[in-house]
J.: 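Take a look at the following structure, please.
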Amino acid sequence: MTDAPSNPSGLTLSQRAMIAAQGPAPWLDDLNPAQRAAVEALDGPVLMLAGAGTGKTKALTARIAHLLRMGKARPNEILSVTFTNKAAREMKDRVGRLLGEVAEGMPWMGTFHSLSVKILRRHAELVGLRSNFTILDTDDQLRLLKQLVAASNIDDKRWPARMLAGMIDGWKNRALTPQKVPSSEAHAYAGKGTELYEQYQDRLKTLNAVDFGDLLLHCVTIFQAHPDVLAQYQRWFRYILVDEYQDTNIAQYLWLRLLAQAHHNICCVGDDDQSIYGWRGAEVGNILRFEKDFPGAKVIRLEQNYRSTPHILAAASGVIAVNAGRLGKTLWTEEQEGEKVRLIGHWDGEEEARWIGEEVESLQRGRAVGRFRLDDMAILVRASHQMRAFEDRFLTIGLPYRVIGGPRFYERQEIRDAMAYFRLAVSPDDDLAFERVVNLPKRGLGEKAQGDIQRFSRAAGVSLLEGAREMVARGLIGGKGGGQLRAFVDGVDRWHETTLNLEANHVELAEKILDESGYTAMWQADKTPEAPGRLDNLKELVKALEQFENLQGFLEHVALIMDNDTEEAIDKVSIMTLHAAKGLEFPVVFLPGWEDGLFPSQRSMDESGLKGLEEERRLAYVGITRAEVLCTISFAANRRVYGQWQSQLPSRFIDELPAAHVEVLTPPGLYGGGYGAAAPFAGTSFGSSLEDRVAKADVYNSPGWRRLQDRSSARPVSQPREARGTVIDITAASAYAVGDRVFHQKFGYGRVTGIEGDKLDIAFDKAGSKKVVAQFIVPAEQADDVPF
DNA sequence: ATGAACGCATTTTTT
DNA sequence: ATGCGTTCAT
């Protein structure tokens, strides 16, 4: 292992000399003074406070280049940590671009979790594991906990296993082993919280498995209990870089601090104003405390923003300034003017969706000359249920959209099921995998039969598969379940044997497994709207296998690496949560649903009070600062909340927007004056001046609007699109007749009740009657092979 | 063992 | 409203 502390190698001296000889450092050239300072402050602790859009990734990658260029460290002596695989990948790419193949030699660039796995596999025995331990996903984790809860006579109505999972995660986030949980929390979960936590950890050890939290926790435990091991890594990592430091939890903080203690060369990059993950254990305190934790730290602020127009920045700054206890930054830009942030109220959520849909289309067409691609536009919501109104509307008008951040590919049910089959084929004694698929598809093995297998196997001290095999042999499983269980066990045996055969093709094996198990057939027989998509996902899974040597290799990687970034070529508007939007930017951003209780979220305020409100405010800040040229905030006077209509008040964050940087638009229903969306404005401080503004707002004819369009024409634009809904679509619509059975990706099956131009009226079996563009419809009998 | 009927909660999400 | 998990009837 070339990257191991125990076996140092990396670049040879002559290679280093070659890099050093490459002359002036191009990576320093186009940095601004602050960025340059951050890059050149190589030694000692550095805190880089990087506001939104200030080029922190650029600074970070330049810093790595500089470290290498100055001969301060070899590529494998730099520890560089991110939160997501995506961020790690981007960093690798950018360093690679700066330095060529040297980036290949940076084995310690990755996520907290992937780096922890790497360390843990080397020292697994120190925490009672073998180095080939498996990493459980949250599904397995929960199943395990449920078993333990059931076994300990706890009323799982009052104390759901989910809750316990949350508590254990919380403890692990704080680097607390069962023994270290403070006594003040020992009474949690019916007084058995710590006890169950301990049992859970024991069970994991027996299974030679860890959950995500363990990856960090075990590392910290090892570092703390084995100074010799720690010292090795401390010596090895001459320089440490951390991205998104404001998102670190206590375990990650300890992990870093322990590793940094020898050289103190740690550079943390972050923005306290973008800390939005407190609810999952992130400690803003880590970044606020940095100078105390690392005495003599240099603090460098990146404040020049290269992303947004002055109005957008000013609006965001005005909101975030309300928060107390910030480290404080003032973003500025050299950009000129630009549009003010637009604010508009609507009668209800549907109208809001309709209006945004029209805006998107209008921006896409560019009205006069300029246009934005759909890819350049995003709708950022507080909670994912808000997405629905937009999806419904966009499907109806045929506006292509993509939802970012749904369940990840490998989190989908069908993928996890398939993976469980693969796991079983690779290691037949993977009990969790066995449990998951033994009765999937239905094999007549219900609770009773499965319980019998559990008890039998435990008594015999064998795996569930072995126990099942033995029970079948002895005829202990009754009726039709018995025969099917035998077939299942035989299947696993055959697959496992194929696994051992080095000649065998693992992609074919995977197909065979899904086929012979009846799993594929199960979804083919399923007529719900999701089934075709699931079959597609399975195909994609099998295809992904091609890039690996064998099933084992695939399973190894998949738990941590595989993500959902299928970059589609098709031009689409993005819909996502504010959380998912962090780190992204779009020329045009819509921020709907700014209503008190929804945003800021009532729950956040109830549970975390002022702290919660401030985190919500940071979320508002993140939202606004995603926008490059046009940011539109909106709210509705009425909204259906959990099926009940509720009247809403505009968000308090709207009051915090500096009025000088906001332009209030007239809601569509208001042109005649009178009844409409004006009502909700009353009573808010912003609202008092708002009625005047509403009267004179005719944004489409305003100079600002025209200026915006002029500028947008200078931006890269997509190839001119055909106006939609002409010849082709009418042909599509005319392919149907009233009474036809049809299928729609989202709404499922239905019957055509009317045809109108390129749109069809359809009575859906489940989703009710809707008017939908014909191009989104297929005849029901083709539903299985839709190329969606 | 399995499908239908009822009750209940319901932000945000990476690894 | 809706989905999910539990209970009830087949």
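Chain letters run A, B, ... following the sequence lines, proteins first and then strands; every chain starts at 1.
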J.: Rounded to whole Å, how long is the line connecting atom CE of A:M387 with atom P of C:dT2?
T.: 18 Å

J.: Using atom NZ of A:K172 as one end and atom P of B:dT15 as the other, report the distance to the nearest whole Å.
T.: 18 Å

J.: Indicate whether the side chain of A:Q147 and that of A:E435 have a donor and an acceptor atom separated by less than 3.5 Å.
T.: yes

J.: Judged by each residue's nearest nucleotide on DNA chain B, which is more toward the 5′ side, A:Q450 or A:E616?
T.: A:Q450

J.: Consider the side chain of A:E607, meaning its heavy atoms from C-beta on, and name the nucleotide among B:dT11, C:dT2, B:dT15 that approaches it most closely.
T.: B:dT11

J.: Of the options B:dT15, B:dT11, B:dA1, whose atoms approach the side-chain atoms of A:H113 most closely?
T.: B:dT15

J.: Closest-nucleotide mapping onto DNA chain B: is A:S604 or A:F212 further toward the 5' terminus? I mean the 5' end.
T.: A:S604

J.: So does A:R388 get a side-chain nitrogen or oxygen closer than 4.0 Å to the phosphate oxygens (OP1/OP2) of C:dT2?
T.: yes

J.: Before giving the answer on side chain to side chain donor-acceptor pair (under 3.5 Å), spell out for A:E352 and A:H346 the whole-Å C-alpha distance, their side-chain angles and the decisive distance to 0.1 Å.
T.: CA-CA 6 Å; A:E352 183 180 51; A:H346 298 282; 5.3 Å; no

J.: Counting side-chain heavy atoms from CB outward, which of B:dT15, B:dT11, B:dT2 is closest to A:K442?
T.: B:dT2

J.: For A:Y277 and B:dT12, is the gap between ring centres under 5.5 Å while the planes differ by less than 30°?
T.: no

J.: Would you kindly give the CG-to-C1' distance between A:D247 and B:dT13, to the nearest whole Å?
T.: 11 Å

J.: To the nearest Å, how far apart are A:D169 CG and B:dT12 P?
T.: 17 Å

J.: To the nearest Å, how far apart are A:H385 NE2 and B:dT13 C1'?
T.: 16 Å

J.: Is there a donor-acceptor contact under 3.5 Å linking the side chains of A:D211 and A:Y200?
T.: yes

J.: Between the side-chain atoms of A:R603 and the base atoms of B:dT10, is any donor-acceptor pair under 3.5 Å?
T.: no

J.: Which nucleotide wins on minimum distance to the side chain of A:R382, given the candidates B:dT13, B:dT12, C:dT2?
T.: B:dT12

J.: Side chain of A:H579 only, heavy atoms from C-beta on: which candidate in B:dT11, B:dT13, B:dA1 is closest?
T.: B:dT13

J.: What is the separation between atom OH on A:Y642 and atom C1' on C:dG3, rounded to the nearest whole Å?
T.: 13 Å

J.: Given B:dT15, is OP1 or OP2 found less than 4.0 Å from the side-chain N or O atoms of A:N85?
T.: yes

J.: Are a donor atom and an acceptor atom from the side chains of A:E391 and A:Y401 found within less than 3.5 Å of each other?
T.: yes

J.: Identify which nucleotide among B:dT13, B:dT11, B:dT2 has an atom closest to any side-chain atom of A:N439, counting heavy atoms from C-beta outward.
T.: B:dT2

J.: Expressed in angstrom and rounded to an integer, what is the separation of A:R617 atom CZ from B:dT12 atom C1'?
T.: 18 Å

J.: Taking CZ in A:R162 as the centre, count heavy atoms belonging to other residues, nucleotides or ligands within less than 6.0 Å. Is the count above 12?
T.: no

J.: Reckon A:T577 touches a base, only the sugar-phosphate, or nothing at all at heavy-atom distances under 4.0 Å?
T.: sugar-phosphate

J.: Let's see if you can work this out: which of B:dA1, B:dT15, B:dT12 has an atom nearest to the side-chain heavy atoms of A:S384?
T.: B:dT12

J.: Counting heavy atoms from C-beta on, name the nucleotide in B:dT2, B:dT15, B:dT13 closest to the side chain of A:T84.
T.: B:dT15

J.: Rounded to whole angstrom units, what separation is found between the CD atom of A:E447 and the P atom of C:dT7?
T.: 10 Å

J.: Check every atom of B:dT15, B:dT11, B:dT13 against the side chain of A:E411 and return the nucleotide holding the closest atom.
T.: B:dT15

J.: Compute whether any side-chain donor of one residue and acceptor of the other, for A:Q201 and A:D214, lie under 3.5 angstrom apart.
T.: yes

